[in-house]
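Notes for the one structure printed next.
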Amino acid sequence: MRYWNLVFSSRIFPVSNSLNLLLVSTPVGPLGSGLGGGVELTVRNIAIALLQKGHRVTVLAPATSALEGIPLICIPGNLQTTAQTEGRDAPVMLPEDSVLGNLWDHARQIQSDYDLILNFAYDWLPFYLTAFFTTPLAHLVSMGSLTNATDRILAQVADRFPHALGVHSLAQAATFSWASTAENVKNGFDLSQYEFCPTAGDYVAWVGRISPEKGLQDAIAAATAAQVRLKIFGVIQDWDYWEKLLLQYPEAPFEYCGFLSTQELQQALGQAQALLMTPHWVEAFGNVAIEAMACGVPVIAYQRGGPAEIVNHGVTGWLVEPDSVPALANALRNLGQIDRSACRLHAETEYSLDAMGDRLGAWFGKLLA
Ligand code: HBI
């Protein structure tokens, strides 16, 4: 085999060269539906971050996805059940005409057009397919450990393909056996979409999928104890849970403001005195914490999971004892000590698209070496 052939066939590309990248989205919902939760914003931000670094990006997502300004291939099929609603020993299941299966069959067909494929699905199938693809496959694992089947296949991928697994936080990585080999890419946001708001209105905010693991009831109880209005934003994923909250807190000063676009959300979020983050699970990251800080909004969060690595205690907000409503209420009374401009600065230094693009470039460089 001649020298030049050897070089190109063994893909020795310094990552500073422009790569042709395929990003495969989550099968739980079309991009723009809100059903994909944080990963919808993450796919968009990472696509833009990589384009800004000079790479070429194509996104593969379920039919009816919307992603303006980025080449998008839409694939039909039935949506995947959300992993966090399944039991720890749940078997791997796909619906008939699974969009997950269809996405990855299409990825297989077009893989040779790309230098690297980046998977955003938290699903057994793409993790399993790592060994079957000729184009290198990287996985940005979007949640902590949830089921034994995905834990097992992820451990196998970590073992066979060093550098293949990326995470959003050390706390999230620590829920897996392969934490030491994980690439902590944190996350990155288009901060030009968020306007710094130096003064606050008369409410605090809670943002997220309305589902039990997100602990909304604690935020309602803390806002009631601190006698401050609470505005709730996000898609109602679990209606039984939501109706139970309405019955449990008939007098509480809270209002549901719906699932807003980033543009509308940052306007409402920017005037909040604080963002309350009350995860009852190990939140892998906590995108909303950055969105809040980008607007100058301090974050009050349980000392648990990703938010505990984002909030700079006493500087950009408060980290409190997990599951303690009185601790949340107490932190709400101490907001005066937090400088809102420090929140914006932290977001710019650590979580800009440029910072994220650098972290992704370093990751891909290791993977492709
Ligand atoms: N569940 N099966 C499955 N696959 C995903 O990609 C997935 C999920 N649940 C939630 C989710 N992705 C996103 O909301 C992440 O951002 C958490």
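Counting starts at 1 for both ligands and their atoms, following the listed order. Keep in mind it's a predicted model, so treat the numbers as computed, not measured.
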Polar atom proximity, [X] to ligand 1 (N or O, under 3.5 Å):
X	result
V39	yes
T26	yes
A83	yes
Y122	yes

the protein heavy atom lying closest to atom 17 (C) of ligand 1 turns out to be M143 CG, 3.4 Å

The protein heavy atom nearest to atom 10 (C) of ligand 1 is Q84 OE1, 3.4 Å

How would you list all residue pairs meeting ring pair (Phe, Tyr, Trp, His ring centres under 6.0 Å) that involve residues 303-342, not counting sequence neighbours?
H313-W318

Ligand 1 atoms in contact with [X] (distance to a heavy atom under 4.0 Å):
X	value
S142	15 (C)
D123	2 (N), 3 (C), 4 (N), 5 (C), 6 (O)
V28	1 (N), 2 (N), 3 (C), 4 (N), 5 (C), 7 (C), 8 (C)
A121	6 (O)
P27	6 (O)
G36	13 (C), 14 (O), 15 (C), 16 (O)

Check whether any side-chain heavy atom of [X] lies under 4.5 Å from a side-chain heavy atom of [Y], and answer yes or no.
X	Y	result
V204	L275	no
S142	T26	no
L368	P136	yes
L154	V141	yes

Output yes when a side-chain donor or acceptor of N78 lies under 3.5 Å from a complementary backbone atom of E96, and no otherwise.
yes

Would you say Y128 and Q156 are linked by a side-chain donor-acceptor pair, where the criterion is simply a distance under 3.5 Å?
no

Side chain, backbone, both or neither: T81 near ligand 1, heavy atoms under 4.0 Å:
backbone

Any Lys/Arg nitrogen of E183 or R359 sitting under 4.0 Å from an Asp/Glu carboxylate oxygen of the other?
no

Which residues pass the ring-ring contact (aromatic ring centres under 6.0 Å, His included) test with Y194, sequence neighbours left out?
none

